[in-house]
Each structure stands twice: as C-alpha cells, then as structure tokens.
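Okay, structure first, notes after.
Below, each value reflects all heavy atoms present in this structure, side chains not excepted, and no hydrogens, waters or symmetry copies.
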Amino acid sequence: QVQLAESGGGLVQAGGSLRLSCAASGRAFSSYSMGWIRQAPGKEREFVAAINWSGSFTYYADSVKGRFTISRDKAKNTVYLQMNSLKPEDSAVYYCAASGSGSIYYPRSYSYWGQGTQVTVSS
C-alpha cells in the first residue's frame, strides 16, 4: 500500500506560479512511477505529468509542456509539480498518483491516489 497526500494548491492569478507537493508513505514508494492527474468540473480526469521511479525520465501533457516541471525527492518520499505561467484553463483538482500497470498517460493505469488539491487560476 502507498498513501499519498497532496498540498500546495490555492488561488492564483493568471501568469502566476504554484508548487504542489505529494508526500508519500508506505512500502516501495521509490519503485513506483508517479504522476499528476487533474480533473476540472464536468470533465474527465486528465494526465498532466509523470516521472519514472528513478527520476531520470519525465513526461508531460502537451498542454503543460514548457510550463510545468515534475520532480521527486526520494530521501523525502515527495513528488513535486512546479507550475508556472498558469492559465485559467489549468484550474482543476490536482491528484497525485502512483502507477500500477499500463501506460502512465492513462489515469486508469494508476493504482494509488491522493485526495487531491484544488488549483484555481483567475483571469
């Protein structure tokens, strides 16, 4: 089992920045690829970014490439999502998730999920 807890969400103006954190506990956290998935009201969950178990590879949705950066600190069992140049369309609940099997680009591939943190970007 892996337990995940997100923090760092909030209200920010367009063009601003936020850094989300995901604290993990439980066995073998360091062996999982980790992802950030978001869900806006009335929409399906959407892949945002992912990082492999070692931190050597990162993956991004086209909509956030060049603006968001995912990273992980194994010593702290924490995954981060640095979000810059935020846009109103980035507003959503952001979930941290640990991958199970399948493609990291598909939300259904993730086995463990946090409770989510709200990000609201005002125009």
Side-chain angles (χ1 to χ4, degrees):
Q1 282 279 10
V2 176
Q3 293 80 42
L4 304 171
E6 304 94 336
S7 61
L11 174 64
V12 64
Q13 289 188 333
S17 299
L18 282 174
R19 188 175 81 155
L20 306 184
S21 298
C22 173
S25 59
R27 60 180 296 179
F29 161 74
S30 61
S31 67
Y32 285 90
S33 292
M34 298 295 297
W36 288 95
I37 313 295
R38 68 187 180 187
Q39 187 169 23
K43 295 188 177 182
E44 294 186 352
R45 289 186 174 183
E46 175 191 23
F47 169 80
V48 175
I51 188 166
N52 76 326
W53 68 273
S54 67
S56 57
F57 293 99
T58 57
Y59 311 85
Y60 297 95
D62 287 343
S63 59
V64 307
K65 205 171 290 184
R67 299 189 298 122
F68 291 11
T69 302
I70 188 171
S71 61
R72 69 191 300 168
D73 185 332
K74 286 192 170 184
K76 296 182 178 179
N77 276 4
T78 302
V79 177
Y80 303 99
L81 185 67
Q82 177 67 44
M83 305 186 295
N84 298 329
S85 302
L86 282 161
K87 304 175 181 180
E89 51 263 45
D90 294 318
S91 297
V93 176
Y94 282 71
Y95 297 92
C96 173
S99 71
S101 60
S103 171
I104 57 169
Y105 292 100
Y106 297 117
R108 69 170 67 96
S109 296
Y110 290 83
S111 298
Y112 302 102
W113 293 77
Q115 293 299 307
T117 186
Q118 177 70 48
V119 171
T120 302
V121 184
S122 62
S123 56

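Smallest separation of non-hydrogen atoms from Ser63 and Arg38: OG-NH2, 3.6 Å. Contact detail for Ala40 and Ala92: the closest heavy-atom pair is N-CB, 3.8 Å. When every heavy atom of Ser123 is checked against every heavy atom of Ala14, the shortest pair comes out as CA-CB, 4.3 Å. Between Ala49 and Leu81 the shortest heavy-atom distance is CB-CD1, 4.1 Å. The two residues Met34 and Cys96 have their closest heavy-atom pair at CE-SG, 3.6 Å. Contact detail for Thr78 and Ser21: the closest heavy-atom pair is CG2-CB, 4.3 Å.
The distance from atom OH of Tyr110 to atom OG of Ser33, rounded to the nearest 0.5 Å, is 7.5 Å. With rounding to the nearest 0.5 angstrom, the OG atom of Ser109 is 9.0 Å from the CD1 atom of Ile104. Ser17 contributes atom OG, which lies 6.0 Å from atom CG of Leu86 (distance to the nearest 0.5 angstrom).
Placement of Val12 and Val48 within a single hydrophobic cluster is found when ILVMFWY residues are connected by side-chain heavy-atom separations under 4.5 Å, directly or transitively. Val64 and Val79 end up in the same hydrophobic cluster when Ile, Leu, Val, Met, Phe, Trp and Tyr side chains are linked at under 4.5 Å. Cluster membership check: Leu4 does not share its hydrophobic cluster with Phe47, using side-chain heavy-atom separations under 4.5 Å among Ile, Leu, Val, Met, Phe, Trp and Tyr. Cluster annotation: Ile37 and Tyr105 are assigned to the same hydrophobic cluster (Ile/Leu/Val/Met/Phe/Trp/Tyr, side-chain heavy-atom contacts under 4.5 Å, transitive).
Taking the ring centre of Tyr95 as origin, the terminal cationic atom of Arg45 falls inside the region bounded by 6.0 Å and 45° from the ring axis. The cationic atom of Arg72 (NZ for Lys, CZ for Arg) does not lie both less than 6.0 Å from the six-membered ring centre of Tyr80 and within 45° of the ring axis.
In this structure the side chain of Phe68 never reaches within 4.5 angstrom of the side chain of Gln82, judged on heavy atoms.
Salt bridge status for Asp90 with Lys87: absent, with no side-chain N to carboxylate O gap under 4.0 Å.
A side-chain donor-acceptor contact under 3.5 Å links Ser25 and Gln3.
Around the NZ atom of Lys65, the shell of radius 6.0 Å holds more than 12 heavy atoms that belong to other residues, nucleotides or ligands.
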